[in-house]
Amino acid sequence: MLPYTFKGVDYESGGLTVTNKKGETTDIDKIVQKGDVILFDGALVHGVNTIKSKTGIGRIAAFLVPTYFEKDAAIKTLKRRIKIRILEYANKLKIKELQ
């Protein structure tokens, strides 16, 4: 992701957070600076908290990979992960009905 606006300059609160495998959440927008490119494992828990801006600009960023946004994406992502995991186990156990 390539950010064009920045927390503390263009907006006061909200922004991208990523939670690592240890359960530690990082406020990415708090530490990103001009010229930075943000790369992270999209399979990690992540999201954008509501942006609050007095400037009226808010948060603007470009996504360099195919990306889509939809409400309740976390539940759909969880279902997809479960389905993939079941299919992986079925494959390892050679269960053909699920493949």
Give the table of side-chain donor-acceptor pairs shorter than 3.5 Å for residues 28-39, with sequence neighbours excluded, one pair per line with atom names and distance.
from : atom 1 : to  : atom 2 : distance (Å)
D29  : OD1    : R59 : NH2    : 3.3
D29  : OD2    : Y11 : OH     : 2.7
D29  : OD2    : L16 : N      : 3.2
D29  : OD2    : R59 : NE     : 2.6
D36  : OD2    : Q33 : N      : 2.8

**OP:** Indicate the atoms forming the closest heavy-atom contact of P3 with A61, along with that distance.
**Re:**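 Where P3 meets A61 most closely, the heavy atoms are CA-CB, 4.0 Å.
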
Subject >> Path from F6 to F40 over hydrophobic side-chain contacts below 4.5 Å >> reply: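 Shared cluster, yes.
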
**OP:** For S53 and G58, work out which heavy atoms get closest and say how close.
**Re:**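 Result for this residue pair: OG-N, 3.6 Å.
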
Original post:
Do you know the tightest heavy-atom contact between T17 and T25?
Top reply: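 Taking every non-hydrogen atom into account, CB-CG2, 3.8 Å.
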
Original post:
Between CD1 of I51 and OG1 of T5, what distance do you get to the nearest 0.5 Å?
Top reply: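 Spacing of CD1 (I51) from OG1 (T5) equals 7.5 Å.
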
Subject >> Inter- and intrachain pairs under salt bridge (charged side-chain N to carboxylate O under 4.0 Å, His left out), touching residues 4-18, at least two apart >> reply: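 Qualifying pairs: K7-D27.
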
Original post:
Who pairs with S13 by side chain to side chain contact (heavy atoms under 4.5 Å, CB included), at least two apart in sequence or on another chain?
Top reply: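 Here the qualifying residues are K52.
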
